[in-house]
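Here the structure comes first, spelled out in structure tokens, and everything after it is commentary.
Since the structure is predicted, the reported quantities are computational estimates derived from the model, not experimental observations. For the numbers below, each heavy atom of this structure counts, side chains included, while hydrogens, waters and symmetry mates do not.
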Amino acid sequence: MRKELEGQVALVTGGSRGIGLAIANALAEGGARVAIVARDGERSRRAADELAGEGHAGFSCDVSDPGRVREVVAEVEETVGAVSTLVNNAGITRDNILLRLRDEDWDDVIAVNLTAAFHMTRAVVRGMMKRREGVILNITSVVGLMGNAGQSNYAASKAGLVGFTKSVARELATRNVRCNALAPGFIDTDMTTELSEDQVRGLQERIPLGRLGEPEDVAGVARFLAGPSARYITGQTLAVDGGMVM
Ligand code: NAP
């Protein structure tokens, strides 16, 4: 039976571990060929080798370097194929209370979480517009919707992605390029391993479904948004958070 993403090429930034890796897996299971992009190229290649199906590849790229972003998109298009789905997932935190937040903590988080999504999107949309088909998926966070003490830089970057998503969706809808955002709640990955047991307990009390999420909880929704069942959905931010934001 034909899978719903067959023929698609998906570029997933930060696809070497955590949520990005689960999304890469889900898209590969849906039949897409997947390009995994992260700073650690060896890890990206190993992750790509383990995906279901054929034709995947891993690449090394710091998404906060605009020149390297242009190069890697060209490499992906040459070796894997023209990008039809872009998942802007790579993200970092540099948490601190406002008064202790250093300029570089602000700049690094905005560069990786927000500006890189602009550079990546700009690098792939020309082809999508020509082919009259494309999907862009931006991984934001419930923190971008609710705010969080100690994460003003991260929240600003993620709220910025929501506005970016809506504008790109409006701009490219007539070319059949859809752009949506996914807002995970607290998901069990390297990013959240530093939470203390007390913090985890506190969080669980704020999650109606009573548990932290798994990367796969997010990945299934990404596969849906990337596929034909979501063909009439654009400009949306979907929270995948066990009910934290209602
Ligand atoms: P993670 O486990 O820390 O993984 C981050 C991924 O991004 C890795 O593949 C990493 O690979 C890559 N990456 C980081 N900086 C990069 C850069 N400059 N250039 C290229 N790749 C880079 O994070 P995660 O928890 O899966 O989070 C994934 C996304 O979901 C992020 O945007 C995060 O903000 C968002 N999110 C996470 C949670 C959560 O609770 N975990 C909640 C809401 C939203 P390299 O280190 O090799 O570059």
Side-chain angles (χ1 to χ4, degrees), residues 12-15 17-20 23 38-39 61-66 69 86-122 136-169 179-209 211-213 215 217-218 221-222 235-246:
V12 183
T13 69
R17 52 196 165 87
I19 293 171
I23 291 175
R39 286 168 302 181
C61 166
D62 182 339
V63 294
S64 67
D65 174 350
V69 164
L86 168 67
V87 185
N88 286 311
N89 164 81
I92 57 167
T93 52
R94 296 278 185 276
D95 298 350
N96 221 329
I97 56 168
L98 185 60
L99 286 176
R100 294 217 184 109
L101 206 59
R102 297 168 309 165
D103 288 0
E104 55 264 43
D105 298 329
W106 179 272
D107 292 342
D108 290 352
V109 166
I110 298 293
V112 175
N113 296 7
L114 180 58
T115 312
F118 155 61
H119 286 132
M120 267 291 168
T121 305
R122 193 180 54 182
I136 296 154
L137 207 48
N138 295 318
I139 308 302
T140 174
S141 166
V142 289
V143 169
L145 308 176
M146 304 162 67
N148 196 22
Q151 288 198 305
S152 56
N153 52 352
Y154 183 76
S157 71
K158 294 299 187 180
L161 268 183
V162 173
F164 179 68
T165 299
K166 292 180 186 179
S167 302
V168 171
C179 181
N180 290 294
L182 261 176
F186 287 92
I187 310 296
D188 191 7
T189 68
D190 292 349
M191 193 177 263
T192 45
T193 43
E194 278 165 27
L195 295 172
S196 68
E197 273 180 34
D198 269 0
Q199 282 173 311
V200 172
R201 251 195 308 279
L203 279 171
Q204 272 166 348
E205 281 165 16
R206 289 164 51 200
I207 303 172
L209 286 178
R211 63 169 176 90
L212 264 68
D217 294 328
V218 180
V221 185
Q236 301 304 304
T237 299
L238 196 50
V240 185
D241 63 350
M244 281 177 83
V245 177
M246 293 191 188

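When side chains are defined from C-beta on, Thr115 does not count as touching Ser64, because their heavy atoms never get closer than 4.5 Å.
When all heavy atoms of Gly144 and Lys158 are compared, the closest pair comes out as CA-CB, 3.8 Å. Residue Pro184 comes nearest to Leu182 through the heavy atom pair CD-O, 3.2 Å, listed as atom of the first residue, atom of the second, then distance. Met246 and Pro208 get closest at one heavy-atom pair: CE-CG, 4.0 Å. A pairwise comparison of heavy atoms in Arg94 and Leu101 identifies O-CD1, 3.6 Å as the closest pair. Scanning all heavy atoms of the two residues, the minimum distance from Ser141 to Ala183 falls at C-CB, 3.8 Å. Taking all atoms of both residues into account, the shortest heavy-atom contact from Phe118 to Phe164 is CA-CZ, 3.7 Å.
Rounding to the nearest 0.5 Å places CG of Asn153 at 11.5 Å from CD of Glu104. Between Thr93 atom OG1 and Met191 atom CE the span is 5.0 Å, to the nearest 0.5 Å. The structure places CG of Asn88 at 7.5 Å from CD1 of Ile136, a figure rounded to the nearest 0.5 Å. Distance OG1/Thr165 to CG/Asn138: 4.0 Å, rounded to 0.5 Å. The distance from the CG atom of Asn148 to the CG atom of Asp95 is 8.0 Å, given to the nearest 0.5 Å. If you take CD on Gln199 and CZ on Phe186, they are separated by 9.0 Å, rounding to the nearest 0.5 Å.
For residues 179-192, the side-chain hydrogen bond (donor to acceptor under 3.5 Å, both in side chains) pairs, not counting sequence neighbours, are Arg17-Asp190.
Side-chain atoms of Asn89 never come within 3.5 Å of backbone atoms of Ile139 as a donor-acceptor pair (strictly under, hydrogens ignored). For the pair Asp241 (side chain) and Met244 (backbone), a donor-acceptor distance under 3.5 Å is present.
For the side-chain contact (heavy atoms from CB on, under 4.5 Å) test with Val87, the passing option among Ile19, Thr13, Ile23 is Ile23; the others fail.
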What pairs of donor and acceptor atoms, side-chain ones from residues 106-114 against any protein atom, are under 3.5 angstrom apart with sequence neighbours left out?
{"unit_1": "Asn113", "atom_1": "OD1", "unit_2": "Ile92", "atom_2": "N", "d": "2.9"}
{"unit_1": "Asn113", "atom_1": "ND2", "unit_2": "Ile92", "atom_2": "O", "d": "3.1"}
{"unit_1": "Asn113", "atom_1": "ND2", "unit_2": "Ser157", "atom_2": "OG", "d": "3.2"}

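Looking at residues two or more places apart in sequence or on another chain, you find no side-chain hydrogen bond (donor to acceptor under 3.5 Å, both in side chains) involving Asp103.
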